[in-house]
Enquirer: 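Sharing a structure below in structure tokens format, with a few things to ask.
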Amino acid sequence: MVRDDGVEWEFVPFVGVGPLRFGSSPEGVRAALVGAPSYASSPGSWIAFEVYFGPGLGLCAVAVDARRGPKSG
């Protein structure tokens, strides 16, 4: 199932996913998402993806919801 808004993110191994770059700080991830479609996790909404950070490593992983998240090109 593809989201109705047609958002598509490219996965580049060892580089990043969509606007997110591996190694980025939490602040860098927030900045990368400015202007991106809303993927809020507030009451009444859904989570489209989750990000994971490693100690001293920055962004290590991005888990995209296959039904609700951006599709992969």
Enquirer: When rounded to the nearest 0.5 angstrom, what is the spacing between CZ in Phe22 and CG in Leu57?
Expert: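 These two atoms lie 12.5 Å from each other.
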Enquirer: Locate the shortest heavy-atom distance separating Arg21 from Gly18; write the atom from each residue and the value.
Expert: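 Shortest heavy-atom contact: NH1-O, 2.9 Å.
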Enquirer: Which salt bridge (Lys or Arg N to Asp or Glu O under 4.0 Å) pairs, counting each pair once, include a residue from residues 22-31, with sequence neighbours left out?
Expert: Glu27-Arg30
Enquirer: Could you tell me which non-hydrogen atom of Leu59 sits nearest to which non-hydrogen atom of Phe53, and how far apart they are?
Expert: N-CD2, 3.4 Å
Enquirer: State plainly whether one hydrophobic cluster holds both Phe49 and Val15, where clusters connect Ile, Leu, Val, Met, Phe, Trp and Tyr through side-chain heavy atoms under 4.5 angstrom apart.
Expert: no
Enquirer: By side chain to side chain contact (heavy atoms under 4.5 Å, CB included), which residues pair with Phe14, not counting sequence neighbours?
Expert: none
Enquirer: Are Val12 and Val17 packed together at the side-chain level, in the sense that at least one heavy-atom pair is separated by less than 4.5 angstrom?
Expert: no
Enquirer: Identify the heavy atoms of Pro19 and Ala32 that sit nearest to each other, and give their distance.
Expert: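 That closest heavy-atom pairing would be O-CB, 3.3 Å.
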